[in-house]
Amino acid sequence: QVQLLESGGGLVQPGGSLRLSCAASGSIFSINLMAWYRQAPGKERELVTRITSSGSTNYADSVKGRFTISRDNAKNTVYLQMNSLKPDDTAVYYCNADIAPWKDRPVTFRYWGQGTQVTVSS
């Protein structure tokens with residue numbers, strides 16, 4: 001059983017910063033792609049950023065230059081540093097990860113966290 005547990009959300013004023021964390025636990029042999037998505041009220045879930053196991057990253061245009069994704073492979077954890085936050089960044093943020101649970105079975109599953117609320121408001 002694999003679980004992703006997010007933390008770090010909350011209420012912040014415009015221009016402020018937050019750091020989200022997402023730790024994977026359970027039966028894990030390897031973790032490939034890790035990513036952050038977000039879903040604002042009334043909108044579809046969208047990709048914010050992702051990072052490969054070797055550290056290559058991609059960002060949505062709306063967050064380039066403000067958000068930074070990173071990962072600690074030893075801790076099976078991905079982070080999202082969010083700076084210069086705007087009200088439009090308000091959403092539930094979800095992490096996901098492509099995880100191979102077993103060394104002797106070459107299969108990968110995509111797991112999702114439960115989401116953490118980020119609210120940017122004065």
Side-chain angles (χ1 to χ4, degrees):
Q1 189 75 8
V2 174
Q3 289 186 321
L4 299 182
L5 182 61
E6 296 133 336
S7 60
L11 173 64
V12 63
Q13 293 187 341
S17 298
L18 281 176
R19 188 190 194 213
L20 306 183
S21 299
C22 174
S25 63
S27 177
I28 299 172
F29 170 64
S30 66
I31 303 178
N32 301 319
L33 195 66
M34 303 185 84
W36 289 96
Y37 285 72
R38 67 186 180 186
Q39 187 167 19
K43 295 186 177 181
E44 294 186 353
R45 190 173 298 188
E46 63 174 357
L47 175 65
V48 177
T49 178
R50 58 189 179 186
I51 183 169
T52 68
S53 56
S54 61
S56 297
T57 59
N58 295 99
Y59 294 91
D61 288 342
S62 58
V63 307
K64 280 182 182 176
R66 301 188 298 121
F67 291 11
T68 302
I69 189 171
S70 62
R71 63 191 283 173
D72 185 333
N73 292 328
K75 295 182 179 180
N76 293 331
T77 300
V78 62
Y79 305 96
L80 182 62
Q81 178 66 45
M82 304 184 293
N83 299 329
S84 302
L85 282 161
K86 306 174 181 179
D88 283 351
D89 295 317
T90 296
V92 178
Y93 284 71
Y94 299 89
C95 70
N96 75 18
D98 293 342
I99 297 174
W102 309 291
K103 179 179 181 180
D104 58 350
R105 291 182 61 187
V107 294
T108 299
F109 301 97
R110 176 159 292 180
Y111 296 89
W112 288 86
Q114 81 288 350
T116 185
Q117 177 70 46
V118 171
T119 302
V120 184
S121 175
S122 56

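All heavy atoms count here, side chains included; hydrogens, waters and symmetry mates do not. As the structure is a prediction and not an experimental result, all values here were calculated from the model.
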Approximate separation, where rounding is to 0.5 Å, of [X] [atom1] and [Y] [atom2]:
X	Y	atom1	atom2	answer
W102	F109	CH2	CZ	4.5 Å
T68	M82	OG1	CE	11.0 Å
I51	M34	CD1	CE	9.0 Å

Has the side chain of [X] got a donor or acceptor atom that lies under 3.5 Å from a matching backbone atom of [Y]?
X	Y	value
T49	N58	yes
Y79	D72	no
E6	C95	yes
R66	S62	yes

**Q3 atom CD, over 12 foreign heavy atoms within 6.0 Å** =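 Atom CD in Q3 is not crowded, with 12 or fewer foreign heavy atoms closer than 6.0 Å.
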**Prompt:** Does any donor atom in the side chain of S17 or N83 lie under 3.5 Å from an acceptor atom in the other side chain?
**Reply:**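 Side-chain D/A pair, S17 to N83: present.
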**Request:** Would you please say whether a donor-acceptor pair under 3.5 Å links the side chains of T52 and S54?
**Result:**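 There is such a pair (donor and acceptor under 3.5 Å, judged by atom type) between the side chains of T52 and S54.
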**Asked** Do V63 and R38 have side chains that get closer than 4.5 Å, going by heavy atoms?
**Response**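 Sidechains of R38 and V63: in contact.
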**Message:** Salt bridge or not between K86 and D89? Use side-chain N to carboxylate O under 4.0 Å.
**Reply:**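 The answer is no: the pair does not qualify as a salt bridge.
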**Prompt:** Can you say whether the rings of F67 and Y93 are parallel (under 30°), tilted (30 to 60°) or perpendicular (over 60°)?
**Reply:**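 The rings of F67 and Y93 sit tilted, inter-plane angle from 30° to 60°.
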**Request:** Return the minimal non-hydrogen interatomic distance between R71 and N32, and the atom names on each side.
**Result:**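 Minimum heavy-atom separation between R71 and N32: NH1-O, 2.7 Å.
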